[in-house]
Amino acid sequence: MTATILAIATALSLILLTVSFWLPMMTPDSEKLSPYECGFDPLGSARLPFSMRFFLIAILFLLFDLEIALLLPSPWAAQLNSPTTTIIWATLIITLLTLGLIYEWIQGGLEWAE
């Protein structure tokens with residue numbers, strides 16, 4: 001039984017590896033070969049000033065994204081002995097996220113162009 005599962009897993013892995021190697025185009029594009037440098041021109045000067053707004057929005061995205069990850073265990077935690085505690089904490093997190101979003105919106109932190 002385990003030998004069959006191991007053989008199927010190995011065969012499937014080799015098939016997927018072969019398909020992923022041969023399926024893409026073999027002529028790489030210059031855009032695909034250029035490194036992504038967070039909104040910078042990779043061939044330009046490294047001494048140019050950068051947009052602070054770009055980094056602020058990126059940090060806000062990471063902050064809200066990580067805080068949303070705190071809510072992922074909520075469906076499983078609702079099956080505990082006291083689901084009201086779970087609901088209170090989830091509501092608190094959502095409220096804090098909403099207040100933070102409203103604050104950033106009022107302060108103009110989400111405006112891309114001035």
Side-chain angles (χ1 to χ4, degrees):
M1 179 73 177
T2 57
T4 306
I5 293 174
L6 185 62
I8 291 173
T10 305
L12 185 61
S13 298
L14 289 174
I15 290 170
L16 289 175
L17 183 67
T18 306
V19 167
S20 70
F21 180 73
W22 291 108
L23 192 60
M25 295 178 1
M26 293 300 175
T27 55
D29 190 358
S30 64
E31 290 292 324
K32 289 182 181 179
L33 292 177
S34 68
Y36 178 69
E37 297 289 337
C38 299
F40 296 120
D41 181 20
L43 303 176
S45 172
R47 304 274 183 216
L48 293 175
F50 57 90
S51 171
M52 190 59 129
R53 187 165 303 278
F54 178 83
F55 290 106
L56 286 175
I57 289 180
I59 288 172
L60 282 174
F61 171 76
L62 287 175
L63 178 72
F64 283 106
D65 194 39
L66 290 175
E67 288 182 359
I68 289 295
L70 293 174
L71 295 174
L72 289 178
S74 296
W76 292 280
Q79 298 174 3
L80 295 174
N81 292 337
S82 62
T84 37
T85 308
T86 304
I87 293 171
I88 289 171
W89 281 108
T91 306
L92 180 68
I93 291 172
I94 291 174
T95 304
L96 285 174
L97 283 174
T98 306
L99 290 174
L101 180 63
I102 290 170
Y103 176 76
E104 287 296 326
W105 196 333
I106 290 172
Q107 294 296 321
L110 300 177
E111 298 291 329
W112 188 259
E114 294 181 23

To the nearest 0.5 Å, what is the distance between CZ on Phe61 and CG on Leu66? 9.0 Å
Working to the nearest 0.5 angstrom, can you tell me the gap between Ile15 CD1 and Thr10 OG1? 11.0 Å
Do Trp89 and Leu97 share a hydrophobic cluster, counting only Ile, Leu, Val, Met, Phe, Trp and Tyr and linking them when any side-chain heavy atoms are less than 4.5 Å apart? no
So, taking the atom named CD1 in Ile88 and the one named OG1 in Thr95, what distance separates them when rounded to the nearest 0.5 Å? 11.5 Å
Quick check for you: to the nearest 0.5 Å, what is the distance between Leu60 atom CG and Asp65 atom CG? 12.0 Å
Tightest non-hydrogen contact, residues Thr91 and Ile87, listed as OG1-O, 2.6 Å
Atom OG1 of Thr86 and atom CG of Asn81: how far apart are they, to the nearest 0.5 Å? 10.0 Å
Gap separating the CD1 atom of Ile102 from the CD atom of Gln107, nearest 0.5 angstrom: 12.5 Å
Output the rest of the hydrophobic cluster of Ile5: all Ile, Leu, Val, Met, Phe, Trp and Tyr residues reachable through side-chain heavy-atom contacts under 4.5 Å, sorted by chain and number. Met1
Hydrophobic cluster membership, Leu63 vs Trp105, 4.5 Å side-chain cutoff: no
